[in-house]
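Let me begin by presenting the structure, written as structure tokens, before commenting on it.
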Number of protein chains: 2
Amino acid sequence: MTTGRKRTLTLRDVSEASGVSEMTVSRVLRGKGDVSEATRLKVRDAAKQLGYVPNQIAGALASQRVNLVAVIIPSLANMVFPEVLRGISDTLDGTPLQPVIGVTDYNPEKEERVLYEMLSWRPSGVIVAGLEHSDAARAMLVAAGIPVVEIMDVDGEPIDACVGISHRRAGRLMAEAILENDYTRIGFMGTKMPLDHRARKRFEGLTERLAKGGIEIADQEFYSGGSALAKGREMTQAMLTRTPDLDFLYYSNDMIGAGGLIHLREKGARIPHDIGLAGFNGVELLQGLPVQLATMDACRREIGEAAAQIIAKSCAEDREDAAGERIELQPKLTTGDTLVRGS
Amino acid sequence: MTTGRKRTLTLRDVSEASGVSEMTVSRVLRGKGDVSEATRLKVRDAAKQLGYVPNQIAGALASQRVNLVAVIIPSLANMVFPEVLRGISDTLDGTPLQPVIGVTDYNPEKEERVLYEMLSWRPSGVIVAGLEHSDAARAMLVAAGIPVVEIMDVDGEPIDACVGISHRRAGRLMAEAILENDYTRIGFMGTKMPLDHRARKRFEGLTERLAKGGIEIADQEFYSGGSALAKGREMTQAMLTRTPDLDFLYYSNDMIGAGGLIHLREKGARIPHDIGLAGFNGVELLQGLPVQLATMDACRREIGEAAAQIIAKSCAEDREDAAGERIELQPKLTTGDTLVRGS
DNA sequence: TTGAAAGCGCTAACAC
DNA sequence: GTGTTAGCGCTTTCAA
């Protein structure tokens with residue numbers, strides 16, 4: 001290792017060190033074009049020796065090509081999104097593309113800012129959670145002229161492509177399972193959701209379908225912040241104090257559901273005989289609980305994979321006909337031990 | 001909105017639309033230099049009208065300045081890192097800097113690749129988890145000539161700055177708590193850790209300190225993959241079958257610890273009278289459990305904040321003297337309900 | 001307060 | 001197989 005330098009290395013440095021023209025150095029380093037084995041080696045050695053790292057900024061500007069895919073999600077804390085990211089990342093690993101993550105905190109204004117920032121790097125594609133965006137955000141996405149995949153949800157009008165599940169349908173499915181098992185006094189607990197559109201849609205799907213079965217939600221409560229497990233306990237306790245005759249609790253996510261489950265078991269409730277429970281997401285993390293919470297898988301990984309494939313395809317083919325795809329995945333109900341009332 | 005275009009917009013388009021020179025348009029859009037209110041408005045309007053998004057690639061190349069901070073972490077699934085990221089992100093929000101996340105999967109080769117990719121975008125700084133890197137990775141970091149902050153750990157030789165806790169010390173502290181409470185038959189459970197250096201250091205700190213107290217680990221088991229909660233249950237059951245006289249179980253993370261705790265409570269074990277437990281990380285998520293697992297906070301958020309501050313400072317001051325800082329945070333032991341043997 | 005010229009480090013296109 | 005030339009879209013610098 002030589003002493004610290006001020007200027008970072010350029011192609012020219014490698015060119016001089018190897019006695020090969022800049023252009024050929026560039027070709028070697030990118031593995032493009034025919035270069036003789038001899039010069040290839042000379043260049044590789046010189047580059048390694050110097051510790052040269054190419055400047056993608058210059059490369060991207062010159063080639064008008066950026067191997068980045070912007071991925072915009074509401075939160076990293078949510079357990080759900082890291083799994084989507086893994087699907088994206090694994091799929092992109094087989095391509096020259098690289099994901100770049102932006103987080104919006106479920107805040108439309110922040111989404112707009114993040115989107116602006118990311119688009120100003122001229123990525124090759126965008127994967128963004130949800131179908132609801134500000135007008136400005138939609139306009140940017142349209143104007144960007146790159147493939148856009150909206151993920152997690154299919155209930156709405158996509159800008160370009162979309163991959164997800166129907167949360168309305170997921171809510172309906174749960175309602176049907178509830179009706180089939182003759183529950184009648186239903187309590188709902190979830191996040192405060194003015195901005196969590198998917199949780200809202202599930203709730204709507206649930207209530208609409210229950211209504212058709214002649215049942216209304218008997219009690220409901222919304223929370224924000226804090227440890228989900230603890231919130232689940234607290235809300236469940238409070239709700240059952242307030243409305244003791246509930247016979248089913250639907251939670252908008254598995255963590256609060258698990259909190260409720262733990263609380264009820266401690267209280268000695270017979271589950272699901274006295275009271276049934278269900279959550280949402282199919283969080284693998286909870287598989288160690290003594291009782292398996294009924295839940296619905298949101299196909300997180302598959303969504304990530306499919307979205308990445310759409311981007312990869314439309315970048316590779318460099319034509320627009322891969323655009324506008326719409327992929328609806330089917331959430332799978334896992335009844336676990338807390339939903340089906342045994343004989 | 002006009003019809004779709006092929007070419008993306010440039011400064012020149014805004015210049016023509018507003019009748020102002022490119023240079024002045026650039027000044028307005030960056031908010032630099034004195035521009036009269038009149039032209040400022042003309043330019044702003046034209047830009048908004050067109051839906052112009054500046055090209056940072058060109059800007060970065062011209063100005064030799066990139067407002068990106070590379071953040072390189074082993075995993076997103078780990079619960080630990082999203083919190084570090086939040087610390088970084090919140091701190092950077094008050095600056096022009098933006099974090100870009102790369103994930104290594106605890107794989108040194110992937111770390112090298114990710115690092116290379118990120119450095120090729122010439123970020124203003126790097127935050128990277130851990131002090132252990134391949135020679136090539138270290139060389140790149142040194143050669144990059146930008147501030148580097150290694151986080152999570154301070155047991156080793158940092159390249160530049162570092163912020164973290166001493167995991168060796170954390171292990172020692174736990175050993176001391178174990179000795180003080182007169183536990184003598186200790187079992188250890190953790191991830192297979194050839195590459196999780198921090199878990200390894202904690203283990204070493206633990207065993208060394210216990211040895212001084214005349215105690216050896218009586219049994220140990222390592223896992224990989226799967227639901228941590230479930231693994232914790234299974235391993236605990238297996239270990240107690242194999243070595244029934246254990247009176248303390250130390251888990252290398254809270255999730256497997258929680259799995260063990262749930263299992264033991266189900267079995268009717270009196271905790272901590274019959275057997276004590278402790279985990280590591282201070283995962284907030286578990287606060288809803290009926291019994292609080294003893295754990296040690298790893299100062300995740302603070303680490304993120306401090307690291308981001310170091311980067312922000314040395315970028316702002318644009319001098320090297322902020323370099324080489326070393327910040328050791330102190331992990332706090334939370335005894336919860338599973339460590340201190342009540343009178 | 002505004003504009004003109006030069007060039008950031010690389011690659012596309014074409015010559016040799 | 002290799003080299004030359006001309007930009008990519010911006011910002012820096014300097015002049016007006």
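This is a predicted model, so every value here is computed, not measured. Lettering follows sequence order; numbering is per chain, from 1.
- Whole-Å rounding puts the A:Lys42 NZ to D:dG1 P distance at 15 Å.
- Rounded to an integer number of Å, the gap from CG of A:Leu41 to C1' of D:dG1 is 15 Å.
- Ionic pairing of B:Arg40 and B:Glu37 is present here: one or more N-O contacts between side-chain nitrogen and carboxylate oxygen are shorter than 4.0 angstrom.
- Side-chain atoms of A:Glu305 and A:Thr91 form no donor-acceptor pair, as typed in the model, at a separation below 3.5 Å.
- For the pair A:Arg198 and A:Asp153, the salt-bridge criterion is not met [side-chain N within less than 4.0 Å of a carboxylate O].
- The pair B:Arg12-B:Glu22 meets the salt-bridge criterion, with a side-chain N (NZ, NE, NH1 or NH2) lying under 4.0 Å from an Asp/Glu carboxylate O.
- Contact annotation: A:Gln64 side-chain N/O to C:dC10 OP1/OP2 distance is not under 4.0 Å.
- Ion pairing between A:Arg113 and A:Glu117 fails under the 4.0 Å rule for side-chain N and carboxylate O.
- Between B:Arg27 and B:Asp34, none of the side-chain N atoms (NZ, or NE/NH1/NH2) sits under 4.0 Å from a carboxylate O, so this pair counts as no salt bridge.
- Side-chain nitrogen and oxygen atoms of A:Thr39 include at least one within less than 4.0 Å of the OP1 or OP2 phosphate oxygen of D:dT2.
- One interatomic measurement links the two molecules: CH2 of B:Trp121 to C1' of C:dG9, which rounds to 13 Å at whole-angstrom precision.
- Rounded to an integer number of Å, the gap from B:Asp34 CG to C:dT1 C1' is 7 Å.
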message = Go through it in stages, so that I can follow the logic: the residues are A:Leu115 and A:Ile72, the test is side chain to side chain contact (heavy atoms under 4.5 Å, CB included), and I'd like the CA-CA distance, side-chain angles, deciding distance and then a yes or no.
response = CA-CA 8 Å; A:Leu115 200 52; A:Ile72 297 172; 3.1 Å; yes
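- The phosphate of C:dT1 has neither OP1 nor OP2 within less than 4.0 Å of any side-chain N or O from B:Thr24.
- We find that B:Arg326 and B:Glu328 are joined by a salt bridge, their nearest charged nitrogen and carboxylate oxygen being less than 4.0 Å apart.
- Summarising the geometry, the separation between CG on A:Leu29 and C1' on C:dT11 is reported as 13 Å, rounded to the nearest angstrom.
- Judged by distance alone, with hydrogens and angles left aside, the side-chain atoms of B:Asp13 form a donor-acceptor pair with the main-chain N or O of B:Thr10 at under 3.5 Å.
- Between the P atom of C:dG7 and the CD1 atom of B:Ile57 lies a distance of 23 Å, rounded to the nearest Å.
- With the 3.5 Å cutoff on both pairing distances, Watson-Crick and G-U pairs in DNA chain D assemble into runs of at least 3 at C:1-16 with D:1-16.
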key: Protein proximity profile, nucleotides 10-16 of chain D - base contact B, sugar-phosphate-only contact S, no contact -, cut-off 4.0 Å on heavy atoms   = BBB----
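- Between B:Ser36 and the phosphate of C:dT1, there is no side-chain N or O to OP1/OP2 separation shorter than 4.0 Å.
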